[in-house]
J.: 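Here you go, one structure.
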Amino acid sequence: MTARTALPRRTDNDQVLRNLGLVGVLAALVVIGIVTRPELYSDPAWVRNNILTILQQASAIGVVTVGMTFVIIGGGIDLSVGAIIALAGVWSTTLATQAYGAAGMIFTALVVGLAVGLVNGVLIAYGKLVSFIATLAMLVSARGLAAQISGKQTQVSTNDTINSIASSRLIGIPVLVWILAAVVVAGWVLLNRTTFGRRTVAVGGNPEAARLAGIDVKRHTMLLFVLSGLCCGIAAIMLTSQATSAQAAMANLYELDAIAAAIIGGTLLSGGRGTIVGALFGVLVFSTITNLFAINNLATEVQNMVKGGIIVAAVLLQQFRYRSLTNLLRRRNDPDIS
Amino acid sequence: MSKLATVLRLTDVVKTFPGVRALDGVHLEVAEGEVHCLLGQNGAGKSTLIKILAGVHHADSGELLWRGEPFAPATPQAAMRAGIATIYQELDLVDHLSVAENVFLGHEPSRFGFTRRRATAAATRRILESLGHPEIPPGRLIKDLPAAGKQIVSMARALSHDAKLIVMDEPSAVLAHDEVENLFRIIRELTANGIAVVYISHRLAEIREIGDRVTVLKDGRTTAAGLSARTPTRELVGKMTGRAFEYVFPPRVSTDTRTEPLLTVDRLSRAGEFADVSLTVHPGEIVGIAGLVGSGRSELLETIFGARRPDTGTVTLDGHRITGVGTAVRHGMGMAPEERKSQALLLDEPVFKNMTLASFAAFARAGFTAARDEQAAARRTADDLDLRPRDVDRPVRTLSGGNQQKVVVGRWLLGHTRLLLLDEPTRGVDVGARAELYQVVHDLAADGVGVLLVSSEVPEVLGLADRVLVMREGRLIREAPAGDLDEDTVLDLVMAGSLMEGEAA
């Protein structure tokens with residue numbers, strides 16, 4: 001019994017507090033919405049629809065953020081997610097691919113995502129490139145390839161099955177939101193309940209310790225980028241369905257949104273610590289802000305400035321907490337002997 | 001020689017870092033034109049002391065007199081301006097700047113903010129000539145110089161400041177035999193010009209050759225000040241080691257070494273680290289390697305474990321060739337590395353996850369971790385090891401050094417390890433926990449686990465091991481049952497200078 005009711009870990013406490021903080025931010029955003037547009041919020045049907053809109057807008061970036069969270073916890077960074085989505089989206093909507101039907105398109109998007117992730121992973125794990133550089137190069141070249149394939153044209157999807165994904169609902173909830181939920185749940189289980197998740201934390205927290213404990217750090221690092229690529233493949237289908245088309249410029253700056261969401265969700269940029277739930281909250285905060293600006297008919301320029309401010313505030317908070325905590329502990333039992 | 005005027009006098013200097021008194025009453029007197037050697041084991045406070053002289057750290061209390069004046073350099077620049085230059089062990093040169101730029105780094109000759117490159121080069125050439133090394137081009141990048149060349153540049157930098165006292169931290173560690181000769185020649189020239197040198201080295205033979213007087217530090221205190229460099233080894237070593245604490249070793253049950261060896265290391269070499277090392281460890285046997293930091297012992301251990309790739313030679317565990325950490329762990333080898341925090345622990349993760357870091361996959365079912373099984377197993381191991389506090393859910397960061405080490409050892413107990421490699425297992429571990437760790441090692445051996453132990457504390461190796469190997473400068477130079485050796489013999493072997501190479505016992 002004592003086993004289960006043992007003192008919660010400090011890091012758990014920390015994470016619960018942070019998630020509560022993000023819920024507080026969400027609540028504050030809703031309050032701002034109510035104050036600025038009371039007439040809309042007086043209609044329950046509109047509120048219900050608006051919530052679903054926010055969730056639907058969060059769905060594709062949410063899926064990408066789950067993959068990104070794994071990569072960051074594992075000590076890396078993936079700047080190429082937006083470009084992978086564009087390449088997967090464009091590749092799966094060429095006339096040749098569309099000839100194979102919905103299954104062919106989905107298969108293509110997932111394989112392109114996996115393959116590009118694998119290239120990233122191999123370059124980083126075995127080619128010993130810094131992930132920042134390798135995925136930056138991939139960002140440029142994958143978008144280049146996407147533009148090449150599409151001839152810089154918007155490729156319209158004529159497949160009804162694909163196009164209907166975004167417009168369908170299941171038990172009143174959009175299918176895209178179901179997909180996000182499934183990926184988040186799968187990501188949570190993978191991180192918290194599997195050996196893969198345990199390795200991810202070990203590899204990101206202390207790669208040398210992981211290596212000396214017999215963990216194949218290189219192989220695992222590679223797999224993390226493959227996972228991120230897979231998430232991008234899924235997101236590519238979702239976005240293609242939403243727009244009923246794909247183009248080389250799609251999912252622009254998704255890498256920044258995904259990294260920012262993971263970070264404000266409490267994932268340590270230096271690796272070793274992070275949560276899927278926190279990352280989801282991070283995504284929701286961003287899409288709620290977007291929604292808030294939309295219902296108030298405000299310009300996106302202001303919106304981007306507010307987003308930037310939130311990222312800075314979240315990271316400052318994280319540094320402050322982390323520093324004060326480690327200083328406290330260091331003072332107690334980590335003396336600097338000459 | 002010692003009749004010359006005293007230039008530097010330290011009286012009762014104390015320096016405390018959070019939780020530790022690094023210096024606890026240091027006395028040091030250095031005379032003009034002498035080579036004053038500083039002797040002490042690792043952690044004795046030598047580094048802290050030279051950092052205070054260099055203006056990196058500041059003494060909490062005590063008196064520092066530099067040429068008769070109270071002296072408390074606020075910054076490294078202030079120390080340099082006062083005429084004290086320090087040549088660190090890890091040479092603090094900028095790899096991608098030229099020789100001349102490094103020599104005058106921080107005080108470049110300049111006019112209106114533009115560096116005077118030609119003047120700098122000329123001045124550098126003059127200093128290098130005075131050091132007997134006119135062949136080093138001032139324009140060459142530091143990264144293209146050999147180790148000895150870098151040392152000359154460090155020395156040139158010290159001279160460019162018009163230093164009156166030069167502190168050299170283990171300058172010979174990176175040098176070959178003839179380069180050491182040249183270093184000594186330069187030192188003699190410096191002292192002939194009235195410059196004082198504080199010389200730090202582990203090699204007693206060098207100290208005898210170049211030193212005038214010796215000051216010995218132990219646990220942050222001066223245990224002998226201004227001894228003659230001719231003082232017998234036994235006396236110097238006694239002052240260095242003393243007996244900081246009693247080593248308490250449990251009685252040892254003898255092992256049966258007639259069995260087949262568990263571990264066989266055959267002529268293992270890695271360039272620049274160790275050469276031609278062969279050894280065996282039998283089941284239930286504790287083998288200890290005595291050697292100083294830099295003797296190649298940690299590198300040897302990591303290579304046996306598969307964490308470094310050998311240039312030549314093989315490691316075999318119970319008939320299985322070890323080709324990497326993966327195979328080592330799979331066949332039952334475990335290692336507690338030297339740097340516990342950076343090499344072994346996930347500090348923010350709970351104790352049980354650290355303990356199962358090498359075995360969580362074995363607990364898992366179909367890829368799903370079995371946290372409760374892990375916790376239960378970790379709790380049993382915590383009981384066996386007498387871990388305190390006995391809470392396997394708290395972050396490892398909050399444990400004391402000794403208990404952190406138990407967590408690392410516990411990791412390999414859980415992994416059913418048959419051969420355990422221990423690198424400095426009691427570093428940063430207090431006296432009580434040491435005795436407990438010794439007991440753990442004995443219990444392991446009694447259960448048939450082979451143990452290969454590395455330590456720079458000779459009494460620890462002698463007290464714990466059945467068989468002792470002495471390692472010096474990358475080679476095993478002596479092997480004997482622990483009972484046939486005493487501390488002085490081992491220390492002599494360990495410290496003997498490279499100047500008398502080829503004398504392996």
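In what follows, chains are A, B, ... by sequence order, proteins preceding strands, each numbered from 1.
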J.: Is the count of non-hydrogen atoms from other residues, nucleotides or ligands lying under 6.0 Å from B/H58 atom NE2 greater than 12?
T.: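 Yes, NE2 of B/H58 has more than 12 neighbouring heavy atoms, counting only those of other groups under 6.0 Å.
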J.: Taking atom CZ of B/R390 as the centre, report whether more than 12 heavy atoms of other residues, nucleotides or ligands fall under 6.0 Å from it.
T.: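 Counting other residues, nucleotides and ligands, CZ of B/R390 exceeds 12 neighbours.
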J.: Give me the atom names and distance for the closest heavy-atom approach of A/N206 to B/L345.
T.: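 Smallest heavy-atom distance, with atoms named: ND2-O, 2.8 Å.
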J.: Flag the pair A/R198 / B/E374 as yes when at least one side-chain heavy-atom distance between them is below 4.5 Å, and no otherwise.
T.: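 A side-chain contact under 4.5 Å exists here.
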J.: I'd like to verify something: which residue of B/V329, B/N354, B/L357, B/V392 has the highest number of heavy-atom pairs under 4.5 Å with chain A?
T.: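 Option with the greatest count: B/L357.
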J.: Is A/L212 in contact with chain B via its backbone, its side chain, both, or neither, using a 4.5 Å heavy-atom distance?
T.: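 Backbone plus side chain of A/L212, per the 4.5 Å heavy-atom cut-off to chain B.
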J.: For the residue pair B/E349 and A/G272, what are the closest heavy atoms and their distance?
T.: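 The pair with the smallest heavy-atom distance is OE2-O, 4.1 Å.
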J.: Quick check for you: among B/S359, B/A364, B/G324, B/S342, which has the greatest number of heavy-atom pairs under 4.5 Å with chain A?
T.: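 Of the options given, most contacts go to B/S342.
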J.: Pick from B/A307, B/G415, B/A366, B/G306: which one has the most heavy-atom pairs with chain A under 4.5 Å?
T.: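 Option with the greatest count: B/A307.
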J.: Looking at A/N192 and B/T369, what are the two nearest heavy atoms and their distance?
T.: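 Reported closest heavy-atom pair: O-OG1, 4.2 Å.
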J.: If you count heavy-atom pairs under 4.5 Å between each of A/P207, A/A209, A/A210, A/G205 and chain B, which one has the most?
T.: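 Among the listed options, the one with the most contacts to chain B is A/A209.
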J.: Considering only heavy atoms, give the residues of residues 112-131 of chain A separated from chain B by less than 4.5 Å, sorted numerically, with 'none' for an empty result.
T.: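 Hits under 4.5 Å: none found.
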J.: Answer yes or no on whether A/R193 is positioned over the face of B/F368, meaning its NZ or CZ is under 6.0 Å from the six-membered ring centre and within 45° of the axis.
T.: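 So A/R193 doesn't make the cation-pi contact.
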